2 protein chains.
Amino acid sequence: MLLRHHDAANLAAECARCGVRSASVCAVVPDEDIEQLATYTQHLEFEAGQTFINQDEPAEDFFVVTEGHARLCTLMPDGRRQVTGFASPGQFLGLAADGNYAFNAEALTPLKLCRVTRHGLKLLMSQFPQLEQRLLTEASRELSVAQGRMLLLGRKTARERLASFLTEHAGMAACRDVIVLPMTRTDIADYLGLTIETVSRTLNALRRDGLIEIDHVTRIRLLDRPALEDIAAGGA
Amino acid sequence: MLLRHHDAANLAAECARCGVRSASVCAVVPDEDIEQLATYTQHLEFEAGQTFINQDEPAEDFFVVTEGHARLCTLMPDGRRQVTGFASPGQFLGLAADGNYAFNAEALTPLKLCRVTRHGLKLLMSQFPQLEQRLLTEASRELSVAQGRMLLLGRKTARERLASFLTEHAGMAACRDVIVLPMTRTDIADYLGLTIETVSRTLNALRRDGLIEIDHVTRIRLLDRPALEDIAAGGA
DNA sequence: CGCGAAATTGACCAGACTCAATTGTAGTGG
DNA sequence: CCACTACAATTGAGTCTGGTCAATTTCGCG
């Protein structure tokens with residue numbers, strides 16, 4: 001019971017992040033409701049490489065990443081792949097689904113998820129109106145991001161794509177200029193609409209130009225963030 | 001007053017399309033609320049070519065297309081352009097905005113819109129919970145579409161992009177195989193991440209292959225829809 | 001150390017872009 | 001009705017970015 005209580009609080013807090021502290025959620029949710037919610041809720045763990053959402057399968061569930069990173073991608077019959085995004089803790093998955101899932105989702109690192117059935121999500125939303133609001137905000141943000149990615153995929157050069165990728169992963173904060181990539185070159189290539197060879201070559205070109213340093217295959221240090229941001233934006 | 005009533009009903013029906021008939025909406029909305037709503041609501045008209053949403057400007061309003069077609073695009077400082085979508089009657093605009101608009105919106109044909117302020121939208125949503133639901137559904141659908149476009153922009157060949165574009169515009173229905181494009185070759189090129197020359201050449205290649213017929217620059221007849229759909233999907 | 005997978009590097013190729021010339025299409029005014 | 005203009009679209013020739021294919025090299029791990 002306490003565990004269930006914790007589960008529901010977790011869900012409401014971690015799934016929703018709708019501005020309500022988990023404590024206050026606990027206070028607000030009657031015990032019988034929590035029991036009801038718990039039946040729709042489940043915590044899952046996956047190893048790196050495992051697929052937990054399959055493209056074209058009926059979209060039954062909704063997920064929230066609680067730990068680790070995942071990769072979302074769409075596939076073409078001949079194997080061509082487009083990584084549409086990477087999911088980190090706190091992100092929602094399955095929203096884009098309308099009938100069937102439109103993408104594959106695979107664990108990039110050991111992954112922990114919270115799963116909610118569609119029905120459970122509806123229940124949650126009716127109980128926490130802020131959740132629906134939060135989801136709408138989240139979806140809007142995702143749409144903005146998607147537009148930026150269309151610009152990247154449709155109009156940017158390889159150099160600009162890599163610069164965009166690096167600055168994006170360095171985050172907005174000026175704090176840390178060393179980024180550790182949890183994904184392979186293949187993932188990066190499929191994310192940027194390039195080949196692994198081009199990613200490798202372009203990364204080395206940026207290194208030769210003194211813009212980055214490649215400590216390790218997965219560890220990159222940004223030496224001149226402003227210049228990279230300028231390249232990313234398409235500045236001459 | 002009657003006009004206002006009509007405006008609000010129009011808004012609730014046309015903006016929301018949330019499963020509630022406008023008649024019943026009229027019945028449900030008290031007159032004082034309608035007056036309140038009307039202050040947040042406005043009908044606008046634009047001529048072809050006019051811009052009504054400017055990238056990077058504060059996102060004050062939310063729009064619904066009621067008549068005509070619009071073009072959404074993002075720009076790079078040097079003028080490179082990516083058309084992220086075309087909006088037709090019934091579509092929402094401005095959802096993707098989070099603080100500032102992330103795109104430009106321009107009338108492609110004479111255009112009629114319904115404008116709602118952000119505050120008015122909040123008010124509407126609190127009065128019609130179905131509206132928020134409807135917006136979330138819409139956003140989810142848009143996200144799915146966006147993923148498909150990322151695949152197109154990142155991984156498809158020019159031929160596949162054109163085939164995708166044509167079948168997409170022919171709609172799902174098997175009814176009509178003649179499509180009339182309300183946009184220029186430049187718009188198509190910027191939508192597909194190609195140049196106008198490549199669009200023109202590829203279109204003629206499809207014509208030579210007996211897959212389409214180009215009655216007029218803007219009027220295209222699909223002669224072999226299944227084949228086009230196969231190409232669009234990347235079938236060998 | 002040694003194996004297999006991932007990443008890098010090089011040589012070559014091709015699909016799409018660029019630049020330029022030509023043709024076609026609306027729209028305008030004589 | 002027909003030039004005439006301005007712009008959109010097509011067509012052609014040549015180039016270049018990024019892809020393909022193949023050979024090493026490096027990394028991760030038992």
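All values reported here derive from a predicted model rather than from experimental measurement. Letters A, B, ... mirror the listed sequences (proteins, then strands); counts begin at 1.
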Assess, by modelled atom type and distance only, whether the side chains of A/Asn204 and A/Arg201 contain a donor and an acceptor separated by less than 3.5 Å. no

Between A/Gln91 and A/Glu142, do the side chains contain an N or O donor and an N or O acceptor separated by less than 3.5 Å? yes

Please check the phosphate of C/dA6 (OP1 and OP2 only) for any side-chain N or O of A/Thr184 closer than 4.0 Å. no

Would B/Thr198 and B/Thr195 count as having a side-chain donor-acceptor pair, cut-off 3.5 Å? yes

Spatial distance of atom CD (A/Gln55) from atom OH (A/Tyr101) [nearest 0.5 Å]: 13.0 Å

Given DNA chain D, 5'-ward residue of the pair B/Arg208 and A/Ala158, judged by closest heavy atom: B/Arg208

If you look at every strand shown and take non-hydrogen atoms under 4.0 Å, does B/Thr157 touch a base, only sugar-phosphate, or nothing? sugar-phosphate

Whole-Å distance, B/Leu153 CG to C/dA16 P, equals 13 Å

Rounded to whole Å, please give me the gap between CZ in B/Arg201 and P in C/dA14. 18 Å

Please state whether the base of C/dT8 and the side chain of A/Arg207 form at least one donor-acceptor pair under 3.5 Å? no

Partners meeting ring-ring contact (aromatic ring centres under 6.0 Å, His included) with B/Phe63 (sequence neighbours left out): B/Phe52

Taking any atom under 4.0 angstrom from a heavy atom of chain A, which nucleotides of DNA chain D are the first and last to qualify, 5' to 3'? D/dG18 to D/dG28

Rounded distance in Å - CG (B/Leu194) to P (C/dA16): 7 Å

Distance, rounded to the nearest Å, where A/Leu108 contributes CG and C/dA6 contributes P: 13 Å

